[in-house]
Structure formats: C-alpha cells, structure tokens
Peer 1: 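One structure follows; several queries about it will come next.
Computation of the quantities below employed the complete heavy-atom set of this structure, encompassing side-chain atoms and omitting hydrogens, waters and symmetry-equivalent molecules.
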Amino acid sequence: LRFLAMSIESPDTATKPPHRAAAAPSTPAQRWSFFAVVSLGLLMVGLDNSILYTALPQLTQQLHATDMQQLWIINAYTLVLSGLLLGTGTLGDRIGHRLMFLIGLATFGTASLVAAYSPNAWLLIAGRALLGLGAAIMLPSTLALIRLTFPNEVERNKAIGIWSSVAVVGAAAGPTVGGFLLEHFWWGSVFLINVPIVVLALVLFGGSRIAGVGKGAGRAIREFKEETAGLDKGKDKEAEKDIEAVEADVVKDQSKPTE
C-alpha cells in the first residue's frame, strides 16, 4: 500500500501547479461521498484476501479438493492480484481510472458469482483468479481517483490515511466475517456477500459526477513533463550564460599582457 501511495503521489504532488487545483470543482460532501464509494471497492479487495481461510475446511469437504487444489484456491487470488497490479495501474493512466474502476467492479461481481456456485475445485480456482483480476484492476484506480478527487493537500492526505485503514480493516475482518456467514449460511456466502456491495457501488459510482475524475492521470503526466521540460530549458539557458561568462573571463585573462 505504501508503494502504491508513493507511486501515485510522485512526482506531480511536489510540483503542485496552481491550475491543477481548479480541475476538480466540487463540494466536500461530493468528494467524501465519492471517496466512500471508492472505499467500498477497496474493502472488498481486503476482505477477499482473508475471508476464505475460515471457509476452506467446509468447501474442501464438499468439493473434495486435494491438497494442491486447496493451495491454489487460497493463492490464486493474491497471485493474479500481485502479478497484474503494475500493468493495470499503467493502463488506467491511459484509458482513465474511473473506467478501470467500473470494469474492476463488474469483474469482481461476476467472479464472485462464479466462485460461489462452483461445482468443483478447479472452477473455484478459476473464480478466485478472476477475483484477483478484478482486484488488480480496482486497487490502483482507488488511489488514483483519490489523487484526482482531492486537489487540496490536507484533504488528500486525510483520504489516503483512511484509504490505508480501510484496506487493513478489510483484511483483518475477513476471517470474522467469514465465520459469521458460515454459521448462518453455506460456504458460497463468503463470495456472494460481494455481489450486493458491487451493485451498490456501481449505482452510486455511476451517479457521482466529480469534475476532473475519470479522465485518467495521462493529462497530469503530460502537464508535468511540459513543466519539467520548461525547467530543463531554463536551466540550459542559465548554464549557457555561465559558460559564456567563464569564456569571457578566460579571454580577458589571456588578452592581458604578461609581465
């Protein structure tokens, strides 16, 4: 999480161009309600990272999973998530993080249905891998959308702190939530719990309109390159002037008659 925060925040956070703040005119209520929707997606990513531990014995018995299949059921999610994380973040910069977040939500909801109603262990493994894909699409977008939604540094830092807490709480609450669901329902409920959250997030996210959000970070990156290019040109001109001054001094020294 710390690596993601550093990669999204640098380097245009340090430059803080004055025109960037005007890119997202919105009220605090709009920004924080939008952030709440984004946090729902992050909460699901954290929950699914640990919720399956309590359900594993039950689903192993019902699906007759072997030891190898049990390992794949647990690890397929994190394997796909970690493997695709950087690539999906780069893709979000190109096509827009809002679109990527919506795609991730839809993928996550579909994968939850596949995993919940899997008739055998291998289909469950495929569902878990698809869940990892949805999580890999969503996770970089959540932080990028925070960066685009909160132009004010104080609000942005507060949102990033809450963002980190939501991820930790989701992962820590997974076994507890899984145990509660298994006490009242069948093992597929640990996946089906994602479906109403996905539907709610899609409805709220589709209805939210925060100016400047959804255009991706590509424009911000281009602006930063233009700014740094301008700085480099200015530094080159200053260096040329310094070189010319040194050359002039050398010429003067050489032109002086030797005693």
Peer 1: Only distances under 3.5 Å count here; give the side-chain donor-acceptor pairs of residues 177-189 to other protein atoms, sequence neighbours excluded, each with its distance to 0.1 Å.
Peer 2:
unit_1: His184; atom_1: ND1; unit_2: Phe180; atom_2: O; d: 3.0
unit_1: Trp187; atom_1: NE1; unit_2: Gln62; atom_2: OE1; d: 3.1
unit_1: Ser189; atom_1: OG; unit_2: Trp186; atom_2: O; d: 2.6

Peer 1: Going by the side-chain hydrogen bond (donor to acceptor under 3.5 Å, both in side chains) test, which pairs reach into residues 196-205, not counting sequence neighbours?
Peer 2: none

Peer 1: Donor-acceptor pairs under 3.5 Å, side chain of residues 82-89 to any protein atom, not counting sequence neighbours: which ones?
Peer 2:
unit_1: Ser82; atom_1: OG; unit_2: Thr78; atom_2: O; d: 2.8
unit_1: Ser82; atom_1: OG; unit_2: Leu79; atom_2: O; d: 3.2
unit_1: Thr88; atom_1: OG1; unit_2: Leu84; atom_2: O; d: 3.0
unit_1: Thr88; atom_1: OG1; unit_2: Leu85; atom_2: O; d: 2.9
unit_1: Thr88; atom_1: OG1; unit_2: Ala136; atom_2: O; d: 2.6

Peer 1: Indicate yes or no for a side-chain donor-acceptor contact from Arg128 to the backbone of Ile74 under 3.5 Å, with no hydrogens or angles considered.
Peer 2: yes

Peer 1: With sequence neighbours excluded, what pairs up with Tyr77 under the ring pair (Phe, Tyr, Trp, His ring centres under 6.0 Å) test?
Peer 2: none

Peer 1: Quick check: do Trp32 and Glu155 have side-chain heavy atoms less than 4.5 Å from each other?
Peer 2: yes

Peer 1: Return the CG to CZ distance between Leu113 and Phe108, rounded to the nearest 0.5 Å.
Peer 2: 11.5 Å

Peer 1: Give a yes or no on whether Val154 and Leu145 share a hydrophobic cluster (residues Ile, Leu, Val, Met, Phe, Trp, Tyr; joining criterion: side-chain heavy atoms under 4.5 Å apart).
Peer 2: no

Peer 1: Hey, what do you get for CG (Leu133) to CE (Met138), rounding to the nearest 0.5 Å?
Peer 2: 10.0 Å

Peer 1: Would Ile137 end up clustered with Ile95 when hydrophobic side chains under 4.5 Å apart are linked, directly or stepwise?
Peer 2: yes

Peer 1: Could you tell me which non-hydrogen atom of Gln70 sits nearest to which non-hydrogen atom of Ala65, and how far apart they are?
Peer 2: NE2-O, 3.6 Å

Peer 1: Between Val169 and Ile162, is there a shared hydrophobic cluster once you connect ILVMFWY residues whose side-chain heavy atoms come closer than 4.5 Å?
Peer 2: no

Peer 1: Drop me the distance from Asn157's CG to Ile146's CD1, to the nearest 0.5 angstrom.
Peer 2: 11.0 Å

Peer 1: Got a sec, which residues hit side chain to side chain contact (heavy atoms under 4.5 Å, CB included) with Ile125, two or more places apart in sequence or on another chain?
Peer 2: Gln69, Trp72, Ile73, Ala76, Trp122

Peer 1: Hey, can you pull the donor-acceptor pairs under 3.5 Å for the side chains in residues 34-51, sequence neighbours left out?
Peer 2:
unit_1: Ser39; atom_1: OG; unit_2: Phe35; atom_2: O; d: 2.9
unit_1: Asp48; atom_1: OD1; unit_2: Asn194; atom_2: ND2; d: 2.9
unit_1: Asp48; atom_1: OD2; unit_2: Asn194; atom_2: ND2; d: 3.4
unit_1: Ser50; atom_1: OG; unit_2: Ala171; atom_2: O; d: 2.5

Peer 1: Over all heavy atoms of both residues, which pair between Ile193 and Val190 is shortest? Give the atoms and the distance, please.
Peer 2: CG2-O, 3.5 Å

Peer 1: Heavy-atom distance under 4.5 Å between the side chains of Leu131 and Ser112, does that happen here?
Peer 2: yes

Peer 1: Counting only N and O atoms by type, is there a donor-acceptor contact under 3.5 Å from the side chain of Arg31 to the main-chain atoms of Phe150?
Peer 2: no

Peer 1: Could you walk me through whether Tyr117 and Leu192 pass the side chain to side chain contact (heavy atoms under 4.5 Å, CB included) test, one step at a time?
Peer 2: CA-CA 9 Å; Tyr117 293 103; Leu192 285 180; 3.7 Å; yes

Peer 1: Between CD of Gln58 and CG of Leu63, what distance do you get to the nearest 0.5 Å?
Peer 2: 10.0 Å

Peer 1: Look up atom OG in Ser165 and atom CD1 in Ile160, then write down how far apart they are to the nearest 0.5 Å.
Peer 2: 12.0 Å

Peer 1: So which atom in Leu123 and which in Pro119 form the shortest heavy-atom distance, rounded to 0.1 Å?
Peer 2: CD2-CD, 3.1 Å

Peer 1: Is Leu81 reachable from Val114 through a run of hydrophobic residues whose side-chain heavy atoms are each under 4.5 Å from the next?
Peer 2: no

Peer 1: About how many Å separate NE2 of His97 and OG1 of Thr149, when rounded to the nearest 0.5 Å?
Peer 2: 11.0 Å

